[in-house]
Amino acid sequence: MLKNVLASKHYVNPLVSMVYLVWSFYMIYSGMGFFVLVASIAISIYLGIARKLTILLLWVALPSFLILFLLYGLWDAAVTTLRIATIALAATTAFASPKPQHTAYMLYKIGVPPLIAYSHLYVYRFLQLLSYALSEAIDAAHGRGVRSRFKILMLLPIPLLVYTINTSTYLAEALYIKYPRREKTWVDKPGFRLVDILLVLYILTIFILYILGHDLLVLKLLTY
Amino acid sequence: MLVLENIWYKDIIRNVSLTHSKGILAIIGPNGAGKTTLLKIIAGSIKPDKGVVKTPKRIGASWQNPYYSFYRSTVREEVELAYKIAGKKGDPLELLRAYGLERLADKSPYRISMGEARLLSIALTLIWDPDLVLLDEPTTGLDYFEKGKLASILWGLGKPVIIASHDLDFILRVSDYVAVMHKGEILVYDHVFNVFYSRILEKIGFPLPPAVLVGEALGRRIRCAEECLS
C-alpha cells in the first residue's frame, strides 16, 4: 500500500485530505457514516488501494464483529462493526491520499521545523522498508522450520529491531547529507486538481444537506 | 517431488513449468530474471496468479539476507534453538565444526561476516531436515574455502536442493541440473554440462566460466590430435 502511495500519480491535496478527515469524524460522530463510507471507498478506488484496504479492514472488522455478535447480538454487532470499519477506512484514506512531498511542503510552510517536515517524508520510506523486512523475516522463519504463528510473532522482533537500528544509521546519513541544503528538493508544491475540487464539493454538499435537512428521509434511512 | 505447471505471476514469472525430484538444481539468470520470485513461489510465500504448484510439505530455505534468520545472542544458542525447533538433540559445537564455524560459537550472529552468516543460516535451515532445500544466492560473501565447504555439504545432503545464483563456477561445481531464466521465462532446463556447452549463457550475456573454456579448448586439441594421428 505504501508503495502505491509513494509511486502513484493519483493523490489528493494535503489540505483537502485534512478537511476530509475532520469532516469524516464529524459526520461519523453525527451518525452520517454512510456518506463517509462512500467517499472513502471512492478515494481508495481512485488511489488504487481498495483491494489491500479491504483485506486490512477484514482483519480489523471480523474479530470486532464476532466479539460484539456474541455479546450484543447481530444488529448491534453489524452497526458497531460498520462504524469501526468506516473510521478505519476514513483515517487510512485521509493519510494515504496526499503525496508525502506535498505534506512536507505544507508542514514546512505552516512553520513546522524543516527537520520534522523532512523526517515525515522519511517515515514513509522507512515504513516501506520495514514492511519489506517484515516479509523477509517471516520467510526466513518459515525457512528455518518455524511454523507456528505465535512462535514467529515471538521471534520476529529481534531481527526486525536489529534491521531497524542498522538501517537508521543509513537514514541518519541520508538526512545529514540532504537536510542542510538550501535547495529543498524534498518538497513539492501541491496544486488543486479536479479530484480535490470534486472532493470538496462532495464534502460541502453533504455538510450543507446535513445542516439544513435533519428531517430528510434519505438522511434518516442512511443513519447508523 | 516439486512440480510447477504453467506458473504466471505478474510480469515477473511467465508460464514457468518445472519438475525436480533428485539432486541439485540451479536456477541461473541475470538480475530481475525472476529467480528469487520463483523460489518464493516454491516456498509458498508468494501465490502465483495462475498455475499449479505441488511441493513437499517441509521446505527449508536460506534467503538472500541471512541476518533475518537469527534470534539469539550467540551462534551456539542459535544452533541450540534450531535443534529445539526441529525437536532434535545434538551438539551445537559438533555442527558448527562441520561448517568450519566453531570459532564463532560465542560470538553474536549479528557480528559475524556475511559469508559466515550465510553458512550459519544454511546450517540452521538443514537442521530441521526439510524435504526440499531452497538456497537464494548462497555463495554471496563466501570465500574460496567456504564455497568448498558448502559444496561438500550440499553433495552430502542426499535430498533435492534448488539454488538461485549468479555464481557460474559454483554451479558448475555442485549442480546436477540447470534452469536458465531470462525475463521471467525458463529458456533451458537440462543437465549442467549440456547447458554450459549449449552457448545459451553467452546469448543472455553471461561469460562462460574458465573451466568450461579450458574444457572446450582441451576437447578441440584432443580432437585435433586424434585427427592428426589417424
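Convention: sequence-line order gives letters A, B, ...; per-chain numbering from 1.
Among Lys40(B), Arg58(B), Arg72(B), the residue with the largest count of heavy-atom pairs under 4.5 Å with chain A is Lys40(B). Options Pro157(A), Ala133(A), Gly145(A), Ser148(A) differ in how many heavy-atom pairs under 4.5 Å they form with chain B, and the most are formed by Gly145(A).
Geometrically, Arg144(A) does not engage Tyr71(B) in a cation-pi contact, judged by NZ or CZ lying under 6.0 Å from the ring centre and within 45° of the ring axis.
In this structure, chain A has no heavy atom under 4.5 Å from any part of Ala43(B). Neither the backbone nor the side chain of Ser62(B) has a heavy atom closer than 4.5 Å to any heavy atom of chain A. Only the side chain of Val162(A) has a heavy atom closer than 4.5 Å to any heavy atom of chain B. With a 4.5 Å cut-off on non-hydrogen atoms, Ile127(B) does not touch chain A at all.
Here the two rings, on Tyr163(A) and Tyr67(B), have centers that are 6.0 Å apart or farther.
Electrostatic pairing of Asp129(B) and Lys159(B) counts as a salt bridge here, judged by a charged N lying under 4.0 Å from a carboxylate O. Using a cutoff of 4.0 Å between basic side-chain nitrogens and carboxylate oxygens, Lys89(B) and Glu80(B) are not scored as salt-bridged.
Here the straight-line distance linking atom OG1 of Thr54(A) with atom CD1 of Ile41(A) works out to 8.5 Å at 0.5 Å rounding.
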